[in-house]
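Hydrogens, waters and symmetry mates are skipped; everything else that's a heavy atom, side chains included, is used.
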Amino acid sequence: GSVDPQNQNIPRGAVLHSEPLTVMVLTATDPFEYESPEHEVKNMFHATVATVSQYFHVKVFNIDLKEKFTKNNFITISNYFESKGILEINETSSVLEAAPKQMIEVPNCITRNANASPKICDIQKGTSGTVFYGVFTLHKKKVKTQNTSYEIKDGSGSIEVVGSGQWHNINCKEGDKLHLFCFHLKRERGQPKLVCGDHSFVKVTKAGKKKEASTVQAAAS
């Protein structure tokens with residue numbers, strides 16, 4: 001048979017899902033530039049969506065869809081790809097506003113899990129190539145010529161995040177929160193590290209921005 005041109009851009013090892021899936025949008029990043037395998041600069045954004053039973057990290061390669069990916073919006077996606085549990089939406093995918101009767105009730109526990117970050121001790125035990133997302137506190141930043149070492153830390157341990165390319169020497173300092181999207185676990189001489197790939201993204205939250213929230217809670221107690 002002839003080759004379907006739509007299948008040209010299926011990521012390696014990805015499965016095409018043509019049947020529609022209705023999801024609620026939980027979060028979405030701003031669009032950012034990345035370098036495609038053809039060495040063209042393109043734009044994409046990351047999002048998190050949920051069904052009644054699970055949540056998914058999503059890579060959206062069509063930034064015209066940004067408005068549909070608004071928090072708490074219900075959308076129906078079809079012709080999307082799934083690779084390593086991550087959904088990928090590109091120009092050939094369909095994303096529609098869900099009809100009122102398609103609205104779903106996403107349980108709080110799913111939203112909580114989607115927003116939770118993995119423990120660093122669990123990241124360290126992961127297999128090479130596993131992709132991680134999460135918010136972590138920056139403990140130490142060390143700028144080198146080719147890349148930057150960001151040591152992140154939580155109560156369970158610390159791990160080095162290696163940022164190169166656009167993630168080399170980003171504007172952040174100790175105590176800031178780094179929200180990592182799509183970082184890959186790699187072992188160098190047995191040491192686990194998180195390294196950036198083509199679709200990695202980092203969002204920095206400056207330390208001290210959360211002050212207002214904590215004073216409100218103190219007053220309420």
Reported [atom1]-to-[atom2] distance for the pair [X] and [Y], which is rounded to 0.5 angstrom:
X	Y	atom1	atom2	answer
T145	N169	OG1	CG	11.5 Å
F183	S200	CZ	OG	4.5 Å
K141	E174	NZ	CD	10.0 Å
S128	E188	OG	CD	10.0 Å
E160	K186	CD	NZ	10.5 Å
C196	Q166	SG	CD	8.5 Å

Quick check: closest heavy atoms across [X] and [Y], and the distance to 0.1 Å?
X	Y	value
V162	K193	CG2-CD, 4.1 Å
V49	F69	CG1-CE2, 4.0 Å
P118	D154	O-OD2, 4.2 Å
A50	I104	O-CD1, 3.6 Å
N90	F81	ND2-CE1, 3.2 Å
K66	P31	CE-CD, 3.8 Å

Are any side-chain N or O atoms of [X] and backbone N or O atoms of [Y], one a donor and one an acceptor, separated by less than 3.5 Å?
X	Y	answer
K173	A207	no
S94	S78	no
S149	K142	no
E88	A14	no
K42	N62	no
W167	V202	no

Could you give the side-chain donor-acceptor pairs of residues 15-28 under 3.5 Å, partners two or more places apart or in another chain?
{"from": "H17", "atom 1": "ND1", "to": "E19", "atom 2": "OE2", "distance (Å)": "3.3"}
{"from": "H17", "atom 1": "NE2", "to": "E82", "atom 2": "OE1", "distance (Å)": "2.8"}
{"from": "T22", "atom 1": "OG1", "to": "T76", "atom 2": "OG1", "distance (Å)": "3.0"}
{"from": "T27", "atom 1": "OG1", "to": "T48", "atom 2": "OG1", "distance (Å)": "2.7"}

Among Y133, F132, F201, which residue satisfies the side chain to side chain contact (heavy atoms under 4.5 Å, CB included) criterion with C182?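 Going through Y133, F132, F201 one by one, the side chain to side chain contact (heavy atoms under 4.5 Å, CB included) with C182 is satisfied by Y133 alone.
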May I ask you to test the [X]-[Y] pair for a side-chain heavy-atom distance under 4.5 Å?
X	Y	result
T127	L185	no
M44	I89	no
V195	N147	no
K68	E97	yes
S158	F136	no
I159	P192	yes
I170	T148	no

Other residues, nucleotides, ligands: >12 heavy atoms within 6.0 Å of Q146 CD: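 Atom CD in Q146 is not packed in, count stays at 12 or less.
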Does [X] share a hydrophobic cluster with [Y], counting links as ILVMFWY side-chain heavy atoms below 4.5 Å and allowing steps through other members?
X	Y	answer
M103	I110	yes
L87	I63	yes
L178	I120	yes
F61	I86	yes
L180	I123	yes

Please check if the distance between the ring centroids of H46 and F32 is under 6.0 Å.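 Ring centroids of H46 and F32 are less than 6.0 Å from each other.
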Between E151 and K153, does any side-chain N to carboxylate O distance fall below 4.0 Å?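 K153 and E151: not salt-bridged.
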Name all residues meeting the salt bridge (Lys or Arg N to Asp or Glu O under 4.0 Å) criterion together with D122; count only those two or more places apart in sequence or in a different chain, and write none if there are none.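 So D122 forms a salt bridge (Lys or Arg N to Asp or Glu O under 4.0 Å) with K125.
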I'd like to check the ring pair (Phe, Tyr, Trp, His ring centres under 6.0 Å) partners of [X]; sequence neighbours left out, ordered by chain and number.
X	result
Y150	none
F56	none
H184	none

Please verify the inter-ring angle class for Y55 with H57; under 30° counts as parallel, over 60° as perpendicular, anything in between as tilted.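 The rings of Y55 and H57 stand perpendicular, inter-plane angle above 60°.
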Scan residues 108-120 for pairs that pass salt bridge (Lys or Arg N to Asp or Glu O under 4.0 Å), counting only residues two or more places apart or in two chains.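 Sorted result for residues 108-120: empty, none.
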Start with the C-alpha gap between T137 and K177, add the side-chain angles, then the distance that decides, and say whether side-chain hydrogen bond (donor to acceptor under 3.5 Å, both in side chains) holds. CA-CA 5 Å; T137 303; K177 295 262 189 273; 2.8 Å; yes
